[in-house]
There are 2 protein chains.
Amino acid sequence: MMELTRKGEYAIRGIIYLAQLPPGKVALISEIAEAAEVPQTFLAKILQSFAKIGLVKSFRGAGGGFTLGRSAEQITLREVVEAVEGPILPNRCLLGAGTCERDGTCGVHPVWREVQGKVVEVLDGVSIKELAARKK
Amino acid sequence: MMELTRKGEYAIRGIIYLAQLPPGKVALISEIAEAAEVPQTFLAKILQSFAKIGLVKSFRGAGGGFTLGRSAEQITLREVVEAVEGPILPNRCLLGAGTCERDGTCGVHPVWREVQGKVVEVLDGVSIKELAARKK
DNA sequence: TATAAAAGGACTAAAACGGTCCTAAAGGTG
DNA sequence: CACCTTTAGGACCGTTTTAGTCCTTTTATA
């Protein structure tokens with residue numbers, strides 16, 4: 001249960017690689033993919049989606065590539081995971097008010113809320129900077 | 001991320017219904033399915049698998065049906081969830097020693113361990129008895 | 001202009017999800 | 001014993017998600 005997908009793993013590895021680069025340096029997708037041991041075209045898709053939400057910056061053409069969109073200590077693991085896997089949500093019922101018709105009666109509800117809270121807390125407490133430092 | 005499947009939801013609803021029955025009473029699959037608002041044949045599969053691991057007891061033939069395999073306070077939410085969704089495992093790497101070749105180098109590892117620990121803690125802290133009582 | 005990237009879109013195979021249906025086996029009842 | 005009731009087991013199936021690939025287009029540099 002609760003497994004991170006490959007996509008999630010790849011995203012994390014890729015972004016950690018970017019965080020380990022000297023500040024300001026751009027990396028080619030081919031370089032990142034090789035270093036992070038991730039299929040290149042697949043990682044390209046992931047980083048492109050990250051570029052859209054500002055998590056990374058991308059530059060086209062010769063001399064182009066990717067950089068972090070912000071400094072590594074301002075990116076949490078949660079952000080990366082949610083960007084790729086969607087919100088942390090152990091049960092669909094937790095989505096919006098009224099989404100679950102069993103809302104009132106269901107006693108399991110608060111348990112899922114608690115799980116959600118704990119997971120978010122852990123993932124929010126870890127920045128990409130820390131992870132990049134650890135891995136080196 | 002981390003969503004419980006329908007199967008998981010159905011399993012929980014079904015077993016809570018069993019927990020709300022007067023002790024010793026057996027319930028027909030048709031009865032449980034209707035009460036829990038779950039497709040009957042699908043729930044049958046789930047409860048059959050539960051019978052194999054002793055989470056419920058089943059009786060065939062006229063007057064047959066299902067009961068809890070143990071008293072409701074001895075069944076945790078975690079057990080039910082894991083029975084149906086597999087172990088709580090935010091990352092495949094956490095499975096066995098040596099499963100993940102990045103084990104030593106990967107700094108994200110301990111974070112997943114922590115997530116796993118928190119979730120297990122929450123789910124282990126809730127018994128089916130409590131849930132059954134809340135819902136009534 | 002030629003070249004070097006990333007961006008976007010279409011496509012695909014395989015697995016997981018969410019079931020259904022049919023037959024078999026086991027246990028009561030007259 | 002025959003019949004009925006109820007779970008057990010297996011096969012099957014459509015849809016969605018996962019995990020990618022490939023090709024073309026756009027943008028930027030030299």
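So you know, we letter chains A, B, ... as the sequences are listed, proteins then strands, and number each from 1.
The distance from atom CD of A:Gln48 to atom C1' of D:dT26 is 12 Å, rounded to the nearest whole Å. Summarising the geometry, the separation between CZ on A:Phe59 and P on D:dA30 is reported as 14 Å, rounded to the nearest angstrom. In this structure, the CE atom of A:Met1 is 17 Å from the P atom of C:dA16, given to the nearest Å. Distance B:Ile46 CD1 to D:dG9 C1': 16 Å, rounded to the nearest Å. Here D:dG9 presents its P atom at 17 Å from CZ of B:Phe42, a figure rounded to the nearest Å. Atom-to-atom, CZ of A:Arg6 to P of C:dA15 comes out at 12 Å; the value is rounded to the nearest Å. The separation between A:Lys7 atom NZ and D:dT16 atom P is 17 Å, rounded to whole Å. For the pair A:Leu43 CG and C:dA5 C1', the computed distance is 15 Å after rounding to whole Å.
Projected onto DNA chain C by closest heavy-atom contact, A:Ala44 and A:Gly61 fall at different nucleotides, the more 5' of which corresponds to A:Gly61. The nearest heavy atom of DNA chain D to B:Gly63 and to A:Ala62 marks one nucleotide each, and the one closer to the 5' end goes with B:Gly63. Each of B:Leu4 and A:Gln40 was matched to the nucleotide of DNA chain C holding its nearest heavy atom; the match closer to the 5' end belongs to A:Gln40.
For B:Thr41, a side-chain nitrogen or oxygen approaches OP1 or OP2 of C:dT20 to under 4.0 Å. Checking the phosphate oxygens (OP1, OP2) of C:dG18, no side-chain nitrogen or oxygen of B:Tyr10 falls inside 4.0 Å.
Contacts of A:Leu47 with the nucleic acid, taken as non-hydrogen atoms under 4.0 Å apart, are absent. Within the 4.0 angstrom heavy-atom criterion, only backbone atoms of the sugar-phosphate kind lie near B:Ser58; the bases stay farther away. Contacts of B:Lys52 with the nucleic acid, taken as non-hydrogen atoms under 4.0 Å apart, involve only primed sugar atoms and P, OP1 or OP2.
Ionic pairing of B:Arg78 and B:Glu121 is not present here: no N-O contact between side-chain nitrogen and carboxylate oxygen is shorter than 4.0 angstrom.
One can find a donor-acceptor pair under 3.5 Å joining the base of D:dG9 and the side-chain atoms of B:Lys45. With hydrogens and angles ignored, a donor-acceptor pair under 3.5 angstrom links the side chain of A:Arg60 to the base of D:dT26.
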Quiz prompt | Full working for side-chain contact (heavy atoms from CB on, under 4.5 Å) between B:Glu85 and A:Met2 | solution = CA-CA 9 Å; B:Glu85 309 268 14; A:Met2 308 203 332; over 6 Å; no

